[in-house]
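Worksheet: the structure to be examined is printed underneath.
Proteins come first, then strands; the chains are lettered A, B, ... in the order of their sequence lines, and each starts at number 1.
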Number of protein chains: 2
Amino acid sequence: MSQAPGKTAGDTRSRILDAGERLFMEHGFDGTSMRMITSQAGVNLAAVNYHFGTKELLIQEVFRRRLTHLNQSRLAALAQLEAEAAGSPLKPSRIVDAFFGTALRMAADVEGGGHTFMCLLGRTYTEPNEFVRKFLAEEYAECVERFLTALYRALPEVDRNEILWRFHFMMGAMSYAIAGTDALQLVTGKFNDENPSRLAPRLMSFLLGGLRAPLAEFSPLN
Amino acid sequence: MSQAPGKTAGDTRSRILDAGERLFMEHGFDGTSMRMITSQAGVNLAAVNYHFGTKELLIQEVFRRRLTHLNQSRLAALAQLEAEAAGSPLKPSRIVDAFFGTALRMAADVEGGGHTFMCLLGRTYTEPNEFVRKFLAEEYAECVERFLTALYRALPEVDRNEILWRFHFMMGAMSYAIAGTDALQLVTGKFNDENPSRLAPRLMSFLLGGLRAPLAEFSPLN
DNA sequence: AAACCATTAAAACGTTTGTTTGAATCATAC
DNA sequence: GTATGATTCAAACAAACGTTTTAATGGTTT
């Protein structure tokens, strides 16, 4: 519908990947059928199996196509931080920005498909399908370990379990902020009152506030 | 498997609801079939349609069974806060506890099924299925509005959009903390080094830190 | 022109899906 | 005991699922 009906500039493979990315984001893995994908991509039904083998291998390729690049960008940002610091300890806020800010900048790219992909990724963190989760964990392993190590060094006085938990909380807040169509979004009218580009600074200040919160307080003042 | 094979104490309806709750949590809505539910519940295949009509009405009842009670508890906690305050402004931390703490206490009830349900609920916030989302939004509408109003009053100097966003972020962090099987959980070995009951204080301090974070900072110190 | 390989096309494969049917079974009321 | 209404049961339904098959097409190389 978006391309010329006959021959297309982009080849069949990338058209399938684009259609799959969008449909998996909208309807989930089990909720998206092969026929939905091929009809949206404007290709024959058998094309998915021909080019990717199975439905599982297709979604695997949908993720790998962008996730590899995202995590490389994150690691590059962290490496640059470490190079600039030249041995002196890193600011936690810089580490957080290297990880979450990089993802948010990808999510800000609407036309290039980065936004769609980040929505898909955020939803997939709670995706029940076990095969998808295992694949994601492998793809993330190195990057997460490097960032955790950096945070441990930047905050030597904080218990490592606490850092781990707060990283977990930050992942949730970000995924949700991008992908979540939750009660709030539906009840209050989908945040249409503001420029969506303001999400990044809002979220970053929230994340840093949570990261720096005093430990183990429960019934505090304020 | 858990009950006597023949006649059961709990009636068919509740056995189906319990099985559905667990399976929807584990495999999602589209990933759970009627046959999975009925065989796990130990009832005939036609029992679901007989007692609930359709699969969609079943999951609707799975949610309503517990969600109504959860939101009533939240509203009751808020009402008690307002009664105790007797006109004076409420502490934001108390409001946050009335909303998120109540949910966390439900999630701590493992044997009664509260934990399973909270996992299901957290995952459903990013559930693509549109029908499920619409139902959840209606079920949540009143409770969310009441709590937002309370937060607006408690923080009159803060921009309301900012409060709305931070409520959104807090929802994400909590849902994720309970339901998320993300990269972290899989990479680092599922947080098995600590008593899971410590989740609540950890999360509450993180949420309050984020809520109180200075506004619109982006490249701050620390 | 002929041969070759990669790609596309239409059709069918066997399963599984949610749902419905009609008879069998049960408890209770008459 | 017999009738009644609710529930359970085995069986079947059409539709949709992921995948495979076989032939047709297109471009490139001999």
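- A search for ring pair (Phe, Tyr, Trp, His ring centres under 6.0 Å) contacts involving B:F147 returns B:F99, not counting sequence neighbours.
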request  = Any chance you could list the contact pattern along nucleotides 16-23 of chain D? Use B for base contacts, S for sugar-phosphate-only contacts and - for none, protein heavy atoms under 4.0 Å, 5' to 3'.
outcome  = -BBBBB--

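- For the side chain to side chain donor-acceptor pair (under 3.5 Å) test, residues two or more places apart in sequence or in another chain that qualify with A:T116 are A:R22.
- Side-chain N or O atoms of B:H115 include none that pairs as donor or acceptor with a backbone N or O of B:D109 at under 3.5 Å.
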Tabulate below the donor-acceptor pairs under 3.5 Å that side-chain atoms of residues 58-67 of chain B make, not counting sequence neighbours, or state none.
residue, atom, partner, partner atom, Å
B:R65, NH1, B:D18, OD1, 3.0
B:R65, NH2, B:D18, OD1, 3.1
B:R66, NE, B:E21, OE2, 2.7
B:R66, NH1, B:G112, O, 3.2
B:R66, NH2, B:E21, OE1, 3.0
B:R66, NH2, B:G112, O, 3.3

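- For B:N71, the side chain to side chain donor-acceptor pair (under 3.5 Å) partners two or more places apart in sequence, or in a different chain, are B:R74.
- Spacing between atom CG of A:D11 and atom P of D:dG26 amounts to 18 Å, rounded to whole angstrom units.
- The side-chain contact (heavy atoms from CB on, under 4.5 Å) test applied to A:S73 returns A:H69, A:T102, not counting sequence neighbours.
- When the side-chain nitrogen and oxygen atoms of A:H51 are compared with OP1 and OP2 of C:dA6, none of them lie within a distance under 4.0 Å.
- A sub-4.0 Å separation between OP1 or OP2 of D:dT7 and a side-chain N or O of B:T12 is absent.
- Between B:N44 and D:dA10 there is a side-chain N or O to OP1 or OP2 distance below 4.0 Å.
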